Amino acid sequence: MSVIVYIESQDQEIKKSSLEVASYGRAIADASGTELIAVSFGLDDTSILKHYGVDLIYAISTEEEVYFNSDRLSTTLAKIASEEGSQIIVFSSSANARYIAPLTAAKYEAAYFSNVIGLPLSYKPLTVKRSCFTNKAFNLSTSQKDLAVLSLSSNSFGIIEKEGKGLSKSSAYQESTSDLKVRSVEKTANKVTIADADIVVSGGRGLKGPEHWHLIEDLANVLGAATACSKPVSDMGWRPHSEHVGQTGKPVASNLYIAIGVSGAIQHLAGINSSKVKVVINNDPEAPFFKAADYGIVGDAFEVVPTLIEKLKALKGV
Amino acid sequence: MKILVCISTVPDTTSKINFVDENRAFDTQGVTFIINPNDEFGLTRAIWFQQKEGAEVTVVTVGDSSCEPILRKCLAIGADRAIRIDTVPQDGLSVASQLADLAKREAFDLIITGRESIDYNGGMVGAMLATFLKIPYLANCIHIEKEGDRYNLEREMDGGKELLNGSLPLVIGAQKGLVEEKDLIIPNMRGIMQARQKPLDVIQPQEIKVATAVESFEKPPAKGPVKLIDPTNIEGLIDLLQNEAKVL
Ligand SMILES: Cc1cc2nc3c(=O)[nH]c(=O)nc-3n(C[C@H](O)[C@H](O)[C@H](O)COP(=O)(O)OP(=O)(O)OC[C@H]3O[C@@H](n4cnc5c(N)ncnc54)[C@H](O)[C@@H]3O)c2cc1C
């Protein structure tokens, strides 16, 4: 009996979403009276995991492998889950985690639940609440299997410090016969990603053209935020596709979402609705976004945003 | 080259989402159904391979007869033939296992699923299907092109993209970026006429496997009204974000 959490890191630092997943796994382990096991890959220092409730740590050495290998990762996770007799494996909702979670589940024809938004409502059978219809609704789903794989929606549980046993164990990084191989990675210049960001600043067609995007970038910089955009903005090539958020773009579940010159079409709102606090700046008081937002300014972005940047800079002393 | 594109039928993106039967079922009253947008990007790329390299494009859906108009639409867009596996899907595993049974009988070189469907947002069918077929899966695929006898592919990840190389058979999870929005094909009269003549085969499901069940649905709680701040009072906004919402 045990709960497994998949730990992700970037540049040898454990991601915040993984600390959230560990905290969540701890709560499940407590509720079901079992141990919490963490599995990390290519991470040298795993000592902090003990403070987020982890009892046993598998720090898998990925040796010469520098790229993300979905096959080797999911096979290794599945093997550990079977050796440890785990009932639940928890992943974050990062793109990588959502890639390997269903691969891991499929190896045992396990139950897989994505977009889980809180602790299970029962354990026998396992029942979870997850979002569906791109955040327009939720459903309660039950597992009919002994093993369930969950991917937890970001910022839906929070990070909770709690001491675990912090023991460690080793296991081999499983081989792969797949000939689908990563050749290289192109990273968007050292920026906060939408998936990892606490704050996302998003611009719409109301900004009139790519030449005005310094407003979005400057605001994002002073807030340490990621930048995003509406679909037409990426369709017109003002911004890269990777910034397109909404029903057909990336999902956003940040703590703060600031929409500037975005009308708030149903498809846009669907993708960003699980953000905790929403702010809209739009010169049209009838824009649908005002119905979805917590705070709003009816005003011209070209006047409001520069002032907002200036005041925030003064506040942060930069 | 034989391509299979797996199609999910979903409510139009502007649909009002309501539930009936004591919140146990989705209310289809007045809802228009469309090809799942992610699947449509995949289908469009498949048609590109058909036109460029003579690929044969088959579309498949797991569902009852209400899905047939959507399959006809795929044929009008340019698919060569359609298959409907006649069972109402219960979860992602049930869909993936039916598709795997079909794919084991017919050797497809490339199988395309959407990154996720916009109704259940499971994001699992492609990965499970590939696992059952013991072939590789590439999620969030934004590029696939032939180079010699191999393929160059790209995956969008958080904060960038990966460039990959692999060979067929392969399953990919399609999404926006695999083709541009402007390349999506709107069926013309000729396509619609031809679609009527193309084969749409209905086949019986194999052993039904299920891992999860939806017990009930609920809608998010109604949201309170927006707090409006005067555009001359930016400090007021910052103060609310810091001290009321506590997000700064
Ligand atoms: C199948 C489908 C899927 C879709 N998926 C998505 C999706 O995933 N994401 C998405 O975003 N959209 C999506 N859309 C498109 C969506 O319907 C809207 O068209 C789109 O979101 C509108 O983008 P926008 O808000 O930037 O532009 P607009 O609707 O043009 O809004 C611009 C806003 O800027 C305001 N404005 C103008 N000037 C100023 C100024 N000086 N200062 C302040 N405000 C100003 C205007 O009042 C207006 O409200 C989808 C559509 C379809 C059909």
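None of the values given here were measured: they were computed from a predicted structure.
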Quiz item: Can you name the ring-ring contact (aromatic ring centres under 6.0 Å, His included) partners of A:Phe91, sequence neighbours left out?
Solution: A:Tyr6
Exercise. Please examine the side chains of B:Asn165 and A:Leu180, heavy atoms only from C-beta on, and report whether any two atoms are closer than 4.5 Å.
Key: no
Practice problem: May I ask you to decide if B:Ile118's main-chain N or O and A:Thr134's side chain share a donor-acceptor pair within less than 3.5 Å? | Solution: yes
Quiz item: Salt-bridged, A:Arg183 to B:Glu162, with N to O below 4.0 Å?
Solution: no
Quiz item: Do the side chains of A:Phe113 and B:Thr212 get nearer than 4.5 Å, heavy atoms only?
Solution: yes
Exercise. Mind telling me whether A:Tyr99 and B:Tyr137 have parallel, tilted or perpendicular rings, with 30° and 60° as the class edges?
Key: perpendicular
Quiz item: Which one of B:Asp119, B:Asn121, B:Ile17 satisfies the side chain to side chain contact (heavy atoms under 4.5 Å, CB included) criterion with A:Cys132?
Solution: B:Asn121
Practice problem: Determine whether B:Leu241 and A:Leu256 make a side-chain contact, defined as any pair of heavy atoms from C-beta on separated by less than 4.5 Å. | Solution: yes
Practice problem: Consider only side-chain N and O atoms of A:Ser234 and B:Lys176, and report whether a donor and an acceptor are under 3.5 Å apart. | Solution: yes
Quiz item: Can you list every pair that meets ring pair (Phe, Tyr, Trp, His ring centres under 6.0 Å) and has a residue in residues 208-244 of chain B, with sequence neighbours left out?
Solution: B:Phe19-B:Phe217
Practice problem: Report yes if some heavy atom in the side chain of A:Leu140 is under 4.5 Å from a heavy atom in the side chain of B:Val214; otherwise report no. | Solution: no
Quiz prompt | Between A:Ser176, A:Ala95, A:Ser254, the one whose heavy-atom pairs under 4.5 Å with chain B are most numerous | solution = A:Ala95
Quiz item: Looking only at heavy atoms, which of residues 301-311 of chain A get nearer than 4.5 Å to chain B?
Solution: A:Val304, A:Thr307, A:Leu308, A:Lys311
Exercise. Quick one: which of A:Gly299, A:Ala101, A:Ser184, A:Pro285 has the most heavy-atom pairs under 4.5 Å with chain B, could you say?
Key: A:Ser184
Quiz item: Backbone N or O of A:Thr193 within a donor-acceptor pair of the B:Asp158 side chain at under 3.5 Å?
Solution: no
Quiz item: In terms of heavy-atom pairs under 4.5 Å, which option from B:Gly160, B:Gly177, B:Ser117 contacts chain A the most?
Solution: B:Gly160
Quiz item: Between A:His241 and B:Glu180, is any side-chain donor less than 3.5 angstrom from a side-chain acceptor?
Solution: yes
Self-check item: Heavy-atom side-chain proximity of A:Glu186 to B:Glu154 below 4.5 angstrom
Solution: no
Practice problem: Check whether any side-chain heavy atom of A:Ile297 sits under 4.5 Å from a side-chain heavy atom of B:Ile234, and report yes or no. | Solution: yes
Quiz item: Side chain, backbone, both or neither: which part of A:Asn135 has an atom under 4.5 Å from a heavy atom of chain B?
Solution: backbone
Quiz item: Under a 4.5 Å heavy-atom cut-off, does chain B meet the side chain of A:Asp71, its backbone, both or neither?
Solution: neither
Practice problem: Side chain from CB out, backbone as N, CA, C, O: work out which of these in A:Ala292 comes under 4.5 Å of a heavy atom of chain B, or both, or neither. | Solution: backbone
Quiz prompt | Under 3.5 Å donor-acceptor, B:Lys223 side chain and A:Ala293 backbone | solution = yes
Quiz item: Is it true that the side chains of B:Arg155 and A:Asn96 contain a donor and an acceptor less than 3.5 Å apart?
Solution: yes
Quiz item: With a 4.5 Å limit on heavy-atom distance, are the side chains of B:Leu93 and A:Glu109 in contact?
Solution: yes
Self-check item: A:Arg130 side chain vs B:Tyr120 backbone, donor-acceptor pair below 3.5 Å
Solution: yes
Self-check item: Between A:Lys316, A:Lys231, A:Lys276, the one whose heavy-atom pairs under 4.5 Å with chain B are most numerous
Solution: A:Lys231
Quiz item: For A:Val298, is it the side chain, the backbone, both or neither that has a heavy atom under 4.5 Å from a heavy atom of chain B?
Solution: both
Quiz item: For chain A, which residues from residues 122-133 of chain B lie under 4.5 Å away (heavy-atom distances)?
Solution: B:Gly122, B:Gly123, B:Met124, B:Ala127, B:Met128, B:Thr131, B:Phe132
Quiz item: Is the backbone of B:Pro37 close enough, under 3.5 Å, to the side chain of A:Thr248 for a donor and an acceptor to pair up by distance?
Solution: no
Self-check item: Student check: side-chain heavy atoms of A:Leu312 and B:Ile238 closer than 4.5 Å
Solution: yes
